[in-house]
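Reading through the C-alpha cells given below for one structure.
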Amino acid sequence: MAGHSKWANIKHRKAKVDEKRGKLFTKIGRELIIAARLGGGDPEANPRLKAAIQKAKAANMPSENIQRAIMRGTGELEGGAEYEEVVYEGYGPGGVALLLNIATDNRNRTASEIRYIFSRHGGNLGESGCVSWMFQPKGVITVVVPPGEKRDELTLKAIEAGAEDVNDDDQEVVEIYTAPGDLEAVRRALEEAGAEIREAEVRMVPNTTVTIEDPETAAKVLKLVDLLEDHEDVQAVYTNFDIPDEIMERLS
C-alpha cells in the first residue's frame, strides 16, 4: 500500500490548488447531494453523508451551502441538476491503472471529455471492468502524526477498534485501513483517543502497484492524473502507480 500512501499525500498537498480553481466546493456539493439522496439526510444514520459533511467542513464550506446540498438530495429543496454516479476505467502511461468516480448530469458529455483527456495524454479509456479488479474498497483514515509514544498508542487503539492495516512510513501522517463497514467505528475510537483526523473515507485501494522509474513517464502520469482530477465531474481518481521518492522530488 506504499504507493497508494504516497499518492494520497500528493492529493493532500494539491487540495489547496483545487480550492483555488473554484471546483472543490462543487465536487463536495455533488457528493452531499448524492449521499443524502441515497441514504437520507441524517448523518448519524448515513455514514457516507457524515463523511461528506466532514470533508465539507474541513474545506471550510459554508454551513448554509452544506445544508442546501443535503436538502436538494433529500428532495426538501427543489432546483439544481440531477446527478448520476458513473465509474470510468482506463490505463495511463507506463501501464498504470486508473479508476475514476464520476458524478455527472450529462453522461455523454462527460464520457467524451474524459476520453479526450486520456487520448491526449498517453492513456486509454477502457471498458467497464478492465482495471476495477485491481482495486478493492477500503476505509482509509489519515491521522496527523502525533509525537512519541502517542503514535504507537493511537495505532494500537485503531487495531483494537477493528483496523486491518496501518501504514506509518510517512513522517507527516499515519494511514489506517479498515473494512468499509468498520470505518466509522475506527474513526470514532480514534477521535475519542484524541487523534487529529485529516480525512476518513472509503477509497478504492490497489492490490498491487506499478513502479514508474522513468522520470519522463512519471511526469506524464502525474499530468494525466492532475487533468482528470481537475475535471468538474470527477469526484475521485484512484491509481496504482508508485513513483520513487527521488524521482518525485525531481519532478516537484
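Throughout, residue positions are numbered sequentially from 1 according to the sequence presented.
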Quick one: does [X]'s side chain have a donor or acceptor within less than 3.5 Å of a partner on [Y]'s backbone?
{"X": "N167", "Y": "E175", "result": "no"}
{"X": "N207", "Y": "M134", "result": "yes"}
{"X": "R48", "Y": "A35", "result": "no"}
{"X": "E89", "Y": "L99", "result": "no"}

**Request:** Enter the distance from Y91:OH to F118:CZ here, rounded to the nearest 0.5 Å.
**Result:**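 Answer for the OH-CZ pair, Y91 versus F118, is 11.0 Å.
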**Request:** With sequence neighbours excluded, give me every side-chain hydrogen bond (donor to acceptor under 3.5 Å, both in side chains) pair touching residues 95-106.
**Result:**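 Sorted result for residues 95-106: T104-T110, D105-R109.
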**Prompt:** Looking at residues at least two apart in the chain, or sitting in another chain, which of them share a side-chain hydrogen bond (donor to acceptor under 3.5 Å, both in side chains) with H231?
**Reply:**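 By the side-chain hydrogen bond (donor to acceptor under 3.5 Å, both in side chains) rule, H231 matches E113.
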**side-chain hydrogen bond (donor to acceptor under 3.5 Å, both in side chains) against N108, all qualifying residues, sequence neighbours excluded** =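 N108 satisfies side-chain hydrogen bond (donor to acceptor under 3.5 Å, both in side chains) with no other residue.
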**Message:** Could you check whether E76 and T74, counting side-chain N and O atoms only, form a donor-acceptor pair closer than 3.5 Å?
**Reply:**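 Yes, side-chain donor-acceptor contact under 3.5 Å.
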**Request:** Return the minimal non-hydrogen interatomic distance between K157 and A189, and the atom names on each side.
**Result:**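 That closest heavy-atom pairing would be CG-O, 4.0 Å.
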**Message:** Membership question, hydrophobic clusters at under 4.5 Å side-chain separation (ILVMFWY): are L228 and V210 in the same one?
**Reply:**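 Yes; L228 is reachable from V210 via cluster members.
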**Message:** Can you pull out every salt bridge (Lys or Arg N to Asp or Glu O under 4.0 Å) where at least one residue sits in residues 185-196? Sequence neighbours excluded, please.
**Reply:**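 Qualifying pairs, neighbours excluded: E184-R187, E184-R188, R187-E191.
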**Item:** Pairs where residues 33-44 contributes a residue and the test salt bridge (Lys or Arg N to Asp or Glu O under 4.0 Å) is met, not counting sequence neighbours
**Value:**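 Applying salt bridge (Lys or Arg N to Asp or Glu O under 4.0 Å) to every pair that reaches into residues 33-44, excluding sequence neighbours, yields E44-K50.
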**Message:** Running the 4.5 Å side-chain criterion over Ile, Leu, Val, Met, Phe, Trp and Tyr, what cluster does I34 land in, apart from itself?
**Reply:**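 Besides I34, the cluster holds I33, L38, Y83.
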Flag if over 12 foreign heavy atoms under 6.0 Å of [atom1], [X]:
{"X": "E246", "atom1": "CD", "result": "yes"}
{"X": "E216", "atom1": "CD", "result": "no"}
{"X": "E64", "atom1": "CD", "result": "yes"}

**Asked** Do V87 and S132 come within less than 4.5 Å of each other through their side chains, counting heavy atoms only?
**Response**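 The answer is no, as the side chains (C-beta and beyond) never meet within the 4.5 Å cut-off.
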**Item:** Sub-4.5 Å side-chain heavy-atom contact between L222 and F241
**Value:**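 A side-chain contact under 4.5 Å exists here.
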**Message:** With salt bridge (Lys or Arg N to Asp or Glu O under 4.0 Å) as the criterion, how do K138 and D165 come out once you've worked through the C-alpha distance, each side chain's angles and the decisive distance to 0.1 Å?
**Reply:** CA-CA 10 Å; K138 290 286 184 182; D165 195 10; over 6 Å; no
